[in-house]
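Down below is the structure, laid out as structure tokens.
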Number of protein chains: 2
Amino acid sequence: MARRSPKIDARPLYEQVREALLQRVQAGHWPPGGPLPSEPALATELGVSQGTVRKALDALAQAHIVVRRQGRGTFVVEQTPAHVLFRFFNIFSDDGVQILPDSTKPRVTRARANAHEIKHLALAADGEVVRINRVRTHDSAPFVAETISLPCDVFSDLAKCAELPNTLYDFFQRHYGQLIVCADERVTAVVARAREARLLGIAKGTPLLRIDRIAFGIDERALEWRVSLCHLTAAHYLARLG
Amino acid sequence: MARRSPKIDARPLYEQVREALLQRVQAGHWPPGGPLPSEPALATELGVSQGTVRKALDALAQAHIVVRRQGRGTFVVEQTPAHVLFRFFNIFSDDGVQILPDSTKPRVTRARANAHEIKHLALAADGEVVRINRVRTHDSAPFVAETISLPCDVFSDLAKCAELPNTLYDFFQRHYGQLIVCADERVTAVVARAREARLLGIAKGTPLLRIDRIAFGIDERALEWRVSLCHLTAAHYLARLG
DNA sequence: CAGTGGTCTAGACCACGTG
DNA sequence: ACGTGGTCTAGACCACTGC
């Protein structure tokens, strides 16, 4: 970076390069799946060595923001349904096979955010949300009741969509330029109340797994709050630690 | 490595260095918390450049097998109770504070492994296990009923221990040289049966979170199968994805 | 002060994918 | 054949730690 801004650098060079590239990705400077300039090109443009660019790109690759392919180049991650399910849908049958859910037709509404939504999505007191309600099925049997809340200021016209795909995060990237990069999931055990029992075709009082997910974009903004009430038979939620 | 074995190298150099260092750690070549040789020393000893050693050590640090401290050196990870809870106990109160459990006096027995234990711990058909049963408390209130199974061939004399600490993994490292580095946790919702209801002081039929953990050592061998039945009030299991 | 890991550079060569 | 990222090297300087 020519002569790095007078003195106040503080963070290492490769961090600054990472930041610069991150901002360009987020600004849509390169389209989803599109190639970044080569390492030597970025190095000369930014006035640093290729090794420094490499370290920055490796960090972005580890954060799943970019993918590197030897002999081809470095590309902005392009979410696909398979990719999204693989990374974010952590329910496996007890014999170890990942369960790939389908979705029924969702109900999409727009409303003032309630207290929970304001908290989880860091909205203003008068913020608005889009709510999606749907049931997910496996082998045509319902097993998850989902309620999804999205901030209206980002996903404004989503309430007007006629159809929604089974996986949303690839859709978010294509239509809103929002790349979901990480999420927190909070898991508890609850019992089915009347509404869930009806939706899932089970008896009231059946134990369910409740998963509260908050998903974050590149800038670490909370972009989705999703509550999944899961009726798991011979299946489980899988977390890998370490 | 002087002249790398004629031709059959296949894996990159830094991977081979990582492997070599990993084996020394596992063999107890350096004690828990003990320093490894400096980067230049390892580089000359192994006949590779310092940059290659660095890349191998960085990988070991990322896997929590080694910790690097600028100005001090590189050290074998030394498990501590705080460290173990921080990494492996993922229950948080709903206001976001991690819950730090205590333990009641455990019951320790030795037995032939049952079918589940044989499967989860990859034991021979006639393998033996040590079983630990205990209840964990928070603010003196019981909230987790734990059943832990360990392979006897590794933890042979554990059944004879009079006292067991609250956190086991630091104990495993000190007394058996076994460093737990990662784990899979399978989470489901169940209802309390008579035994759990009695242990946790709750009504039969209360929904519980069941966590099946399989913990792995450096060589990726399964060293523990732990079932935790958790009665969570205003608390949850937290998983971070991404 | 000497020694450690952390950053940064420059350049060589390799493995891969495409034309 | 060419350009890409992947590996490996060598050496400089910085930041931190402990004596």
Contacts of B:A82 that satisfy side chain to side chain contact (heavy atoms under 4.5 Å, CB included) - sequence neighbours left out: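 Residues passing side chain to side chain contact (heavy atoms under 4.5 Å, CB included) with B:A82: B:T80.
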Partner set under ring pair (Phe, Tyr, Trp, His ring centres under 6.0 Å) for B:F86, not counting sequence neighbours: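 In terms of ring pair (Phe, Tyr, Trp, His ring centres under 6.0 Å), with neighbours along the sequence ignored, B:F86 is linked to no residue.
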With sequence neighbours excluded, what pairs up with B:W30 under the ring pair (Phe, Tyr, Trp, His ring centres under 6.0 Å) test?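 Here no residue qualifies.
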Donor-acceptor list for residues 20-27 of chain B side chains, cut-off 3.5 Å, not counting sequence neighbours:
from, atom 1, to, atom 2, distance (Å)
B:R24, NH1, B:E45, OE2, 3.0
B:R24, NH2, B:E45, OE2, 2.7
B:Q26, NE2, B:D219, OD2, 3.1

Please work out which residues in residues 22-32 of chain A have a non-hydrogen atom less than 4.0 Å from an atom of DNA chain D and list them by number.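 Residues of residues 22-32 of chain A that come under 4.0 Å of DNA chain D do not exist, since none gets that close.
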Contacting residues from residues 60-69 of chain A, given that a heavy atom lies under 4.0 angstrom of DNA chain D: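 When residues 60-69 of chain A is checked for heavy atoms under 4.0 Å from DNA chain D, the hits, listed by number, are A:R68, A:R69.
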Between residues 33-44 of chain A and DNA chain C, which residues have a heavy-atom gap below 4.0 Å?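 Close to the strand, none.
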Note: B:R221-B:D153 ion pair, threshold 4.0 Å (strictly below):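 Salt bridge between B:R221 and B:D153, a charged N being under 4.0 Å from a carboxylate O: yes.
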Not counting sequence neighbours, list each pair that qualifies as a salt bridge (charged side-chain N to carboxylate O under 4.0 Å, His left out) and has a residue in residues 87-104 of chain B.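 Every candidate salt bridge (charged side-chain N to carboxylate O under 4.0 Å, His left out) pair involving residues 87-104 of chain B fails, so no pair, neighbours aside, qualifies.
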Salt bridge (charged side-chain N to carboxylate O under 4.0 Å, His left out) pairs, two or more places apart, involving residues 160-171 of chain B: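 Sorted pair list: B:D170-B:R174.
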Between protein and nucleotides 12-17 of chain D, map the contacts as a letter string: B base, S sugar-phosphate only, - none, heavy atoms under 4.0 Å, written 5' to 3'. ---BBS
Taking OP1 and OP2 of C:dT7, is either one under 4.0 Å from a side-chain nitrogen or oxygen of A:Y14?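 Yes, because at least one side-chain N or O of A:Y14 sits under 4.0 Å from OP1 or OP2 of C:dT7.
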Quickly work out the B:R18 CZ to D:dT7 P distance and round it to whole Å.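 Rounding to the nearest Å, CZ of B:R18 and P of D:dT7 are 13 Å apart.
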Only distances under 3.5 Å count here; give the side-chain donor-acceptor pairs of residues 61-70 of chain B to other protein atoms, sequence neighbours excluded, each with its distance to 0.1 Å.
from, atom 1, to, atom 2, distance (Å)
B:R68, NE, B:T74, OG1, 3.4
B:R68, NH1, B:D58, OD1, 2.6
B:R68, NH2, B:E39, OE2, 2.3

Suppose we screen for side chain to side chain donor-acceptor pair (under 3.5 Å). Which residues come up paired with A:Y169, at least two apart in sequence or across chains?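 So A:Y169 forms a side chain to side chain donor-acceptor pair (under 3.5 Å) with A:R213, A:E224.
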